[in-house]
Amino acid sequence: MDVVVQIIVTTILASTPLILAATGELVVERSGVLNLGVEGMMLIGAVCAFVVTMETGSGTLGVFAGMIGGVVISLVFAVLTLVTLANQVATGLALTIFGIGCSALIGVNHVGRAYSGLPKLDIPGISDIPVLGPILFRHDPLVYVGVAMVAAVWWFLYRTKAGLVLRAVGESHDAAHAIGYPVVAIRFAAVAFGGAMSGLAGAHLSLAYTPMWQEQMSAGRGWIALALVVFATWRPWRVLLGAYVFGAMRMLELHGQSALSLNIPSQLFTMLPYVATIVVLVIISRDAMRVRASAPACLGQPFHPRG
Amino acid sequence: MIRLERRPAPSRFWSYMTPVLAVALTVVAGALLFWALGYPAGAALYQFFVTPVETGYMRAELLVKATPLVLIGVGLAIGFRAGVWNIGAEGQLLMGALGGGAVALAFWNEDVPGLIVLMMLAGAASGAAYAAIPALLKTRFNVNEILSSLMLTYVAGLIISIMIYGPLRDPQGYGFPQSRIFHPAATLSPILEGTRLHFGAVIALVAAGLAWLAMARSLFGFQVKVVGQAPQAARYAGFSQPRMVWIGMLLGGALAGLAGVIEVAGPVRQLNDSISPGYGFTAIIVAFLGRLHPVGVAIAGVVIAMSYIGGENAQIMVGMPLAVTGVFQGMLLFFLLGSDLLIRYRIRLRKPGVAARPAAEPVPAVAEPRVESA
């Protein structure tokens, strides 16, 4: 029983950065912008969160610093793609390359330092319930934020007028512009939100999942989050489902070797999430019509109002 | 009020000038960065931009670093032109290094004439085979090649790791994760006395020349451009888009694989866990900075190679973290993408009081590299 509980707890923990980053990117893509810089924004978030936490001693401040870092760097992307109309794919790649370098530079004096980790929820009585307690009520706050954000984004996109406008901008920016909605401003807000969420995902990595800073510690999670958005066919709740699947892969990486006690290279377990991402993409993308039907129609296209 | 006005045709002048402008802006921003980090800006800039061309040895080193960047960049540029976003060149490079390296290690104690040629063929084939995976997934299952080629890069790193910790580990290497040192017959010896400059630089130059010929003077080059810029027209003309995906991917993979085997046969001389400092990713910047043009890529490769040498020098001479190199490269791409606006748009200052509407004639859509949903 303990093993099962441990497996579920690890899965939830490992899926949280993916949930946070993918939910943010989902909103960005729903507004018609493809930001491939999630990996870079996560790293900036992770390093800002860690450095501020170590310097101030406050994990809360660290989390906010991670978000702010993510927003600031996402705005560079927003200016380049929305104001100077640069190619979104190339700019997203630039954001990742810059994020890797910049985060390494910021964190250069903090490699190898350890942090005790964000405090875990501890409600006397409830957190001590066997099985359910550790699974549901003994996580760090960002785990709950992640799930709450999925719900909030779903509510925003499908139950508010602002969400409807954002989706309209993603489906047809020309039509939305003609009606009088500020396309560029809405996309700016969406990109900044994506930056904040990626920053938060990074903060979870460096403050809770593995409380330390290491160059390129996100190890491709930003890219997996991008794949998750496709997997979810741009729908929030499916992000949650997909993220748990990938969380389970990480869990296999951590426990598989010892649990199976097989003599196979540990790298094969580390490979799992990347291979699984490809497999999942094959399954989802095979039906070209479905992907095309569910993807925002203006995804990745630059918008320049005539005049 | 500043206003953007679409040009009727892309500006030729600015398409040559924006890379220069971007490099200039990066130098200025770099100086500010050094100053902000508390390093003497002058001395740091000197390390970055003067020392790499100061001595003959350094100039040779510049070409050593530029070799893989140009090889990969040329392949990527053709792919990007055709709208094929292969960003897994780093993985293809590693597989090329592994494929060519395996050949070298099979004859580690034998003097086999022509072994180096066999290694290069094996390396290019391995890189192409690895790039065939995203090409197959793209053409057969419609899988976005950006994500699949990138995921495969992480997988390639782990495959190398398995090999150098396992089957290919040097039995006399005290357990270090590295292979045997290659036999001299399996290495590229220096072509310039007292430097590390090897024959790979010549290969890179030839590759750029051939790519230029193919792009500028052949039907193939024309097809690449049409498929990338006007897919509808390409379909109408009967140019097969899946075929372009295959060609773009395999070409990029083969050249990246070749770069990988040249790295291990040239400067590295064994398989280990630091074959490439991210050449495959940096080559993306090289391709863009070179305007996706083979000749431009060759020049851009040397410029970007400076940031590697400069970064190493700055680390040794002024104690600057090596990560500055990555920041420089990222900034350069940012500035380039931002200033590329000038190619397609005019910046006009709108006089206050004048009506904002320009002549309402239809503006021809200028080709934008197509972006598909990720």
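Every chain is numbered from 1, with letters handed out A, B, ... down the list of sequences. Only a predicted model underlies this, so the values are computations on that prediction, with no experimental measurement involved.
- Contacts with chain A were tallied for B:F328, B:F141, B:Y165; B:F141 has the most, counting heavy-atom pairs under 4.5 Å.
- A donor-acceptor pair shorter than 3.5 Å cannot be found between the side chains of A:R167 and A:S31.
- Using a 4.5 Å cut-off between heavy atoms, A:E25 makes no contact with chain B at all.
- Using a 4.5 Å heavy-atom threshold, the side chains of A:W234 and A:E29 count as touching.
- You'll find the side chain of B:I72 stays beyond 4.5 Å of the side chain of B:Q92, heavy atoms only.
- With a 4.5 angstrom heavy-atom cutoff, A:L80 touches chain B only via side-chain atoms.
- Side-chain atoms of A:S218 and A:L205, non-hydrogen and from C-beta on, do get closer than 4.5 Å to each other.
- For chain A, the nearby part of B:F288 is the side chain; its heavy atoms alone come within less than 4.5 Å.
- Between A:I73 and A:F77, every side-chain heavy-atom pair lies at or beyond the 4.5 Å cut-off.
- Proximity to chain B is limited to the side chain of A:T277, based on heavy atoms less than 4.5 angstrom apart.
- Per-residue counts of heavy-atom pairs under 4.5 Å with chain A were compared for B:I133, B:D340, B:L158, B:L341; the largest is that of B:L158.
- Only the side chain of A:V108 comes within contact range of chain B, with heavy atoms under 4.5 Å apart.
- With a threshold of 4.5 angstrom between heavy atoms, B:I284 approaches chain A through side-chain atoms but not through N, CA, C or O.
- In this structure, A:C298 and A:F303 have side chains that are not in contact, with every pair of non-hydrogen atoms separated by 4.5 Å or more.
- Only the side chain of B:I285 comes within contact range of chain A, with heavy atoms under 4.5 Å apart.
- Side-chain contact check for A:V47 versus A:E215: every heavy-atom pair is 4.5 Å or farther apart.
- Between A:F231 and A:V239, the closest side-chain pair of non-hydrogen atoms is not below 4.5 Å.
- B:I162 touches chain A through backbone and side chain together, each having a heavy atom under 4.5 Å away.
- Scanning both residues, A:M212 and A:R113, for their nearest heavy atoms gives CB-O, 3.7 Å.
- For B:I159, the parts lying under 4.5 angstrom from a heavy atom of chain A are both the backbone and the side chain.
- Taking a cutoff of 4.0 Å between a charged side-chain nitrogen and a carboxylate oxygen, A:D287 and A:R292 do not qualify as a salt bridge.
- Using a 4.5 Å cut-off between heavy atoms, A:I106 does not touch chain B at all.
- Considering only heavy-atom pairs separated by less than 4.5 Å from chain A, the leading option among B:T325, B:L332, B:L333, B:V327 is B:V327.
- In this structure, the portions of A:L95 lying under 4.5 Å from any heavy atom of chain B include both its backbone and its side chain.
- At a threshold of 4.5 Å between non-hydrogen side-chain atoms, the residues A:E55 and A:H110 count as touching.
- Within the 4.5 angstrom heavy-atom criterion, only backbone atoms of A:V83 (N, CA, C, O) approach chain B.
- Of the listed residues B:F281, B:F334, B:Y345, the one with more heavy-atom pairs under 4.5 angstrom with chain A than any other is B:F334.
- With respect to chain B, the highest number of heavy-atom pairs below 4.5 Å among A:G40, A:G99, A:A90 belongs to A:A90.
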